[in-house]
Student: 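Please see the structure below; I have some questions.
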Amino acid sequence: MRLIGAGTRPGHPVTVHRRIFTVPNVLTVVRFLGVPLFVWLVLSEREYGWGVVVLVVMGSTDWIDGYVARRFDQASALGLILDPLADRIALITVAITLAIAQIIPWWLLALLVIPDASLTLTSLLFFRWHPDLPVSIIGKLRTAALLIGTPMLLLARAIGDEPNAFTVIAWIFLVIGIVGHLIAANNYFWAIIRKHRQLHRPAASESSEPGAR
């Protein structure tokens, strides 16, 4: 079964529309709403099992919205911005929540936050907002690994008697996810630089022509 790029129809290129109210965008909003619910369940209620359920739903919407967008021609310009933004907010907020709950160490949180903060500053510096770059396969795999590893950590805490089998499985996925996160961040940074150079190359060449002022 195809997971990456699922829903793509051969011979039918994906068309990006300007529609706002689409099924993928609604699913992305659901993912946004799952973030505060997760924080409340873990930090206030200590309901780790229900926290796992919320993460599973959030991870499922991340896959389903992409499938629906490609399969039913509902890709939108807004979705291209909201989808990676929802992923990033979810990952960072979940990591902060787990660090506060002492389920993951703070150094792991730093490895997630520092690259994202650097990319945000770079995007604002060169584009004043979102550089509108496609999500890479490494980025998608990174997100999947982290969204598998974090529920496993919560399951390990819910079962008790740590470390247990879920703890080991969780850290395998988390290590894969962190490595993918660093690689994706590095690739995204240079993609921002390349796009900025391409956009400003014509102006630079014109200014260098004889008689240009």
Side-chain angles (χ1 to χ4, degrees), residues 1-40 53-95 112 115-117 119-148 150-151 177 180-181 184-185 187-202:
M1 180 179 179
R2 185 179 182 182
L3 294 178
I4 302 298
T8 302
R9 293 177 293 175
H12 294 78
V14 177
T15 302
V16 178
H17 303 281
R18 295 190 176 277
R19 290 175 292 183
I20 295 177
F21 296 103
T22 65
V23 172
N25 288 347
V26 171
L27 291 173
T28 302
V29 171
V30 170
R31 194 150 78 254
F32 273 112
L33 295 177
V35 173
L37 177 59
F38 175 83
V39 173
W40 176 72
V53 172
V54 172
L55 287 182
V56 170
V57 172
M58 291 169 63
S60 299
T61 61
D62 187 31
W63 183 85
I64 294 172
D65 64 10
Y67 176 86
V68 172
R70 289 181 291 268
R71 182 66 178 83
F72 299 101
D73 192 28
Q74 293 195 21
S76 67
L78 179 62
L80 292 178
I81 297 175
L82 286 182
D83 184 58
L85 182 62
D87 287 344
R88 188 159 281 115
I89 290 176
L91 288 175
I92 298 303
T93 305
V94 167
L112 287 171
D116 267 357
L119 289 176
T120 300
L121 290 175
T122 305
S123 298
L124 291 174
L125 177 63
F126 287 109
F127 293 94
R128 296 183 180 179
W129 177 229
H130 196 277
D132 192 22
L133 292 170
V135 180
S136 66
I137 293 179
I138 294 178
K140 282 293 184 183
L141 292 175
R142 171 274 320 266
T143 301
L146 293 175
L147 287 177
I148 292 173
T150 45
H181 184 66
N187 293 344
Y188 199 72
F189 172 81
W190 288 111
I192 293 174
I193 300 299
R194 285 193 298 269
K195 184 170 183 178
H196 180 263
R197 288 174 177 172
Q198 290 172 357
L199 291 175
H200 290 77
R201 187 174 299 162

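Just so we're clear, the structure is a prediction, and the values are computed from it rather than from any experiment. Note: hydrogens, waters and symmetry copies are ignored here, and every other heavy atom, side chains too, is used.
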Student: Given I89, which of I92, D87, L85 fulfils the side-chain contact (heavy atoms from CB on, under 4.5 Å) condition?
Tutor: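 The side-chain contact (heavy atoms from CB on, under 4.5 Å) with I89 is passed solely by L85 among I92, D87, L85.
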Student: Which heavy-atom pair separates F127 from K195 by the least distance, and what is that distance?
Tutor: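 That closest heavy-atom pairing would be CZ-CG, 3.8 Å.
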Student: Between L146 and V94, is any pair of side-chain heavy atoms under 4.5 Å apart?
Tutor: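 They are not in side-chain contact.
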Student: Output, in order, the C-alpha distance, side-chain angles, deciding distance and verdict of side-chain contact (heavy atoms from CB on, under 4.5 Å) for R31 and D83.
Tutor: CA-CA 9 Å; R31 194 150 78 254; D83 184 58; 2.6 Å; yes
Student: What residues form a ring-ring contact (aromatic ring centres under 6.0 Å, His included) with F189, not counting sequence neighbours?
Tutor: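 Partners of F189 under the ring-ring contact (aromatic ring centres under 6.0 Å, His included) test: none.
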Student: Write down the atom of R142, the atom of G177, and the distance for their closest heavy-atom approach.
Tutor: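 That closest heavy-atom pairing would be CG-O, 3.3 Å.
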Student: Could you tell me which non-hydrogen atom of I138 sits nearest to which non-hydrogen atom of G180, and how far apart they are?
Tutor: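 Shortest heavy-atom contact: CG2-O, 3.6 Å.
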Student: Do I192 and S123 have side chains that get closer than 4.5 Å, going by heavy atoms?
Tutor: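 With C-beta onward as the side chain, the pair touches.
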Student: Going from OG1 on T93 to CG on L112, what distance comes out if it is rounded to the nearest 0.5 angstrom?
Tutor: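 Answer rounded to 0.5 Å: 11.0 Å.
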Student: Quick one: does T143's side chain get under 4.5 Å of L91's, heavy atoms only?
Tutor: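 Of all side-chain heavy-atom pairs linking L91 with T143, at least one is under 4.5 Å.
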Student: To the nearest 0.5 Å, how far apart are OG1 in T22 and CG in L27?
Tutor: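 Reported value, rounded in 0.5 Å steps: 8.5 Å.
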Student: Please round to the nearest 0.5 Å and tell me the distance separating atom CD1 of I20 and atom CG of L78.
Tutor: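 The CG atom of L78 is 6.0 Å from CD1 of I20, to the nearest 0.5 Å.
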Student: Which heavy atom of G59 sits nearest to which heavy atom of L147, and what is that distance?
Tutor: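 The answer is CA-CD1, 3.8 Å.
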Student: Give the C-alpha distance, both sets of side-chain angles, the deciding distance and a yes or no for side-chain contact (heavy atoms from CB on, under 4.5 Å) between D116 and H181.
Tutor: CA-CA 9 Å; D116 267 357; H181 184 66; 3.6 Å; yes
Student: I would like to know whether S136 and N187 meet side-chain hydrogen bond (donor to acceptor under 3.5 Å, both in side chains); could you show each step before the answer?
Tutor: CA-CA 9 Å; S136 66; N187 293 344; 5.8 Å; no
Student: If you round to the nearest 0.5 Å, how far is CZ of R194 from CG of L199?
Tutor: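 Interatomic distance, L199 CG to R194 CZ, rounded to 0.5 Å: 13.0 Å.
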Student: Closest approach of R19 and D73, non-hydrogen atoms and distance?
Tutor: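 Distance-wise, the nearest heavy atoms are NH2-O, 2.8 Å.
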Student: Is any side-chain heavy atom of L82 closer than 4.5 Å to one of F32?
Tutor: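 Yes, close enough: below the 4.5 Å cut-off.
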Student: Quick check for you: to the nearest 0.5 Å, what is the distance between F38 atom CZ and T150 atom OG1?
Tutor: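 Those atoms lie 6.5 Å apart.
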Student: Which heavy-atom pair separates P115 from A185 by the least distance, and what is that distance?
Tutor: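 Closest pair (atom of P115, atom of A185, distance): CB-CB, 3.8 Å.
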Student: Nearest 0.5 angstrom please: F126 CZ to R197 CZ, how far?
Tutor: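 Spacing of CZ (F126) from CZ (R197) equals 8.0 Å.
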Student: Compare all side-chain heavy atoms of N25 with those of Q74 and state whether any distance is below 4.5 angstrom.
Tutor: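 Not touching, per the 4.5 Å side-chain cut-off.
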